[in-house]
Amino acid sequence: MSGETCPDLFELSDGNFAVIGTDRTEELDAQLPADAARADYERIVVITRDTLLRAKRDIPDA
C-alpha cells in the first residue's frame, strides 16, 4: 500500500496465502530435502525470517 517493494505474506480472499519474495529456485532446487518436491509450475521463494515472524500474528491457527 505504501508503494515500497519488500517481501510480504498475505491471505487471499479464498483463504490461501500468497508470498512475495526473492525467486531462488535455480539456486535452491538441487538442495531440497529428499522428502520435498517442486512441480514445474512452482518456484522456491525466499522471504526473510523477520517477514515471517511479523506475519505470524496474522496467520490463523486453524
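Just so you know, residue 1 is the first one in the sequence shown, and it goes up from there.
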Asp35 meets the side-chain contact (heavy atoms from CB on, under 4.5 Å) criterion, sequence neighbours left out, with Pro33
Contacts of Glu42 that satisfy side-chain contact (heavy atoms from CB on, under 4.5 Å) - sequence neighbours left out = Arg38, Ala39
Connected hydrophobic set around Ile20, excluding itself, where side chains approach under 4.5 Å | Phe10, Leu12
Applied to residues 13-24, the salt bridge (Lys or Arg N to Asp or Glu O under 4.0 Å) test, sequence neighbours excluded, yields Asp23-Arg43, Arg24-Glu27
Would you please name every residue forming a side-chain contact (heavy atoms from CB on, under 4.5 Å) with Ile47, sequence neighbours left out?
-> Pro7, Leu9, Val19, Thr51, Leu52
